[in-house]
Amino acid sequence: MAPTGTFYGDRRQRQTKVIQAVAAIAGLELEIAPFEFGVTNKSPEFLTKFPLGKIPAFERKDGFTLTEGAAIARYLSSVAPESGLLGSSIEEAAKIDQWIHFAETEIQNYTDRVYALVEGMTGDYNKAAHDVLVKNQLRGLNYLEAYLSTHTFLINESITLADVTLAATIGRTVGVTLGAAERATFPHIIAFFEKVTQDSRIAPAFGNFERVEVSVAFKEKTA
Amino acid sequence: MPSIGTLWAVTAMPQTTVIRSAAALGGLDITLAEGYKHFEDNKKPEFLAKFPHGKIPAFEGENGFTLTEGLVIARYVAGLAPNSGLLGNSAEDTALVDQWVHFAETEIFSMFVMIFQLLNGHLAYNKAIHTTFIERQLRSLATLETHLSTRTFLVGERITLADLTAAAILHRVVANTADAPTRAKLPNTIRFLETIVNQPKLKDIYGPINYIEKALQYVPPKKEKEAKPAAAPAPAAPKEKKPKEEDDEDDGNLVPEEPKAKNPLDSLPKSTFNLEDWKRAYSNKDTRGAGGALEWFYENFDSEGFSVWRVDFKYNEELTLTFMSSNQIGGFFNRLEASRKYLFGSVGVLGEPNASIISGALILRGQEVGAVVDCAPDWESYEYKKLDLSNADDKAYFEAALAWDLEVDGKAWKDGKNFK
């Protein structure tokens, strides 16, 4: 099979994992470009094609370029409608979009912001701000747990792009805010996560997810 | 024209602007849920049965199909009108529309939110981080600027959902986080924004663009004078009390420049109601009862020259400890300083920690709330409803807000602030 196009990403990046899983499910081959963060994406060749200078980035064989991980994942899914990644109706596709947006804004967003806060990337650590972020994420997680207690996958009886996206987000989140104690309170989310990540097409793309024992906390820097 | 369904939303959210614009350009009628009160209606069983997450925007189609996530609803609505071209006319264009929508949301709007949260104290202020986010926002805007330097629209040759989304976000950005010097570097972006917002079918949906002149600066809050003397550590000391300096999520004081232009409120016909006299009456008299401030108010109020409003914070779910909410009100009042001559306010936090609301009343010059309060950059974080003092409910609300004994939905007044 000839590659559909060239893909620039990083195997550790959540969006890259999603795109590579999608390619596997959709039966598409991606040529993985050599990529060195901070070097490749600052080169003139890269910036001509992808002016924002970020990854993931995709260039189809005929030169069509696309950025934004979620947009690339959706486009590749749409190229293989028989894969079922985007459902089988306009309503199913909309529900898939809904859960993807939910995963990114109501879970991944808070995981990223808590991580940035405890690592000092967004200013002085502030426990009240940390608590608000965790609380906001908890609202989304509780909603998701209840939903998954009555659904195998998010939309129907087989894996869609929504499941792939959400699983990658949970995979990142168990390494930040969902410590062992928290994971125990979301059995359906964890069962869903295990089910999706064990899919033989998805497992190689997702690779390993680090889990924390304890939800991340700020460490005072010692003098 | 039959409606495609009902939308529960508040018009101030950019997502709502995008949904309504997509419907307008798609020639579709979408029904806005009438009388929707956020933080009340979205907690009711009827709403939660359809939308268990409890968030807005939320959509229910005529066939019972339910959908949430604002920009997803907009995409779905656009897809119901394929001839509109809102999602492009090819698979590639559709993908590019998705790309630009995602970019606008994650690379522009998210930076805007972070900057805003640094300036209002939601994130502990740090100048280096503020600068970083301003730079990131500018990086994103510069990418957009370059793209628009050779194009009228973001994708293809006609307006798409990408343009509607970017414009809705830019509309907020230029009013808050992209000041005049920044905008001078983005002429094509500004031209683009004006083009989209001024489309005849969209003008009323987007509303006027309020360009901010000067960048908002963070001003650290003054230390409050009412310090409880630092207690010597005692076994009985309540654990949740921390020194104010560490724990205080105080709303940073944002002091915009005094507007140099003549204020149109000064050109209104003279009024018999003197706001300074009112402020004195309020301060010196009991609010209720014979000889009180409210009695004085009803004897002297001029409803032609002034108006009375209810004000509610839109994001009460973000409120935590009540003293922090009280600080937030104080911060909002600080930012209304430029309108001191035109405004009186009595606003409080009602309820309990993590289950509270900010609500109150304003007395202001003229008949339009925006003209008086839009000197505060965060004025759109609050909802305003004009009160009719001949209506018993409105009158009771107004009086209770001034008397600091207001109760809303079983939530009692905890603490308040006056703008006088």
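Residue numbers start from 1 in every chain, and the chains themselves are labelled A, B, ... in the order their sequence lines are given, proteins ahead of strands. Hydrogens, waters and symmetry mates are skipped; everything else that's a heavy atom, side chains included, is used.
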[X] versus chain A, the contacting section by heavy-atom distance below 4.5 Å:
| X | value |
| --- | --- |
| B:Leu48 | neither |
| B:Phe103 | both |
| B:Lys55 | both |

| query | Hey, is the main chain of B:Glu69 close enough, under 3.5 Å, to the side chain of A:Gln98 for a donor-acceptor pair? | reply | no
On a heavy-atom basis, which atom in [X] and which in [Y] lie closest, and how many Å separate them?
| X | Y | value |
| --- | --- | --- |
| B:Ala91 | A:Tyr75 | O-CD1, 4.3 Å |
| A:Ala71 | B:Ala95 | CB-O, 4.2 Å |
| A:Arg139 | B:Gly54 | NH2-O, 3.3 Å |

Which atoms of [X] come close to chain B, meaning under 4.5 Å heavy atom to heavy atom: side chain ones, backbone ones, both, or neither?
| X | result |
| --- | --- |
| A:Asn142 | neither |
| A:Phe102 | both |
| A:Ser78 | neither |

Taking atom [atom1] of [X] and atom [atom2] of [Y], what is their separation to the nearest 0.5 Å?
| X | Y | atom1 | atom2 | answer |
| --- | --- | --- | --- | --- |
| A:Asp97 | B:Asp98 | CG | CG | 7.5 Å |
| B:Thr94 | A:Arg74 | OG1 | CZ | 8.5 Å |
| B:Leu96 | A:Thr65 | CG | OG1 | 7.0 Å |
| B:Phe109 | A:Thr105 | CZ | OG1 | 11.0 Å |
| B:His102 | A:Thr67 | NE2 | OG1 | 10.0 Å |
| B:Thr106 | A:Gln108 | OG1 | CD | 12.0 Å |

| query | Using the ring of each side chain (for Trp, its six-membered ring), is A:Tyr143 parallel, tilted or perpendicular to B:His53, with breaks at 30° and 60°? | reply |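 The rings of A:Tyr143 and B:His53 lie parallel, inter-plane angle below 30°.
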| field | Stacked cation flag A:Lys95 on B:Tyr76, 6.0 angstrom / 45 deg | value |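 Checked: cation-pi criterion not met.
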| field | For chain B, the option from A:Arg113, A:Glu104, A:Lys135, A:Glu91 that forms the most heavy-atom pairs under 4.5 Å | value | A:Glu91
| Do the non-hydrogen side-chain atoms of A:Leu52 and B:Arg139 ever get within less than 4.5 Å of each other? | yes
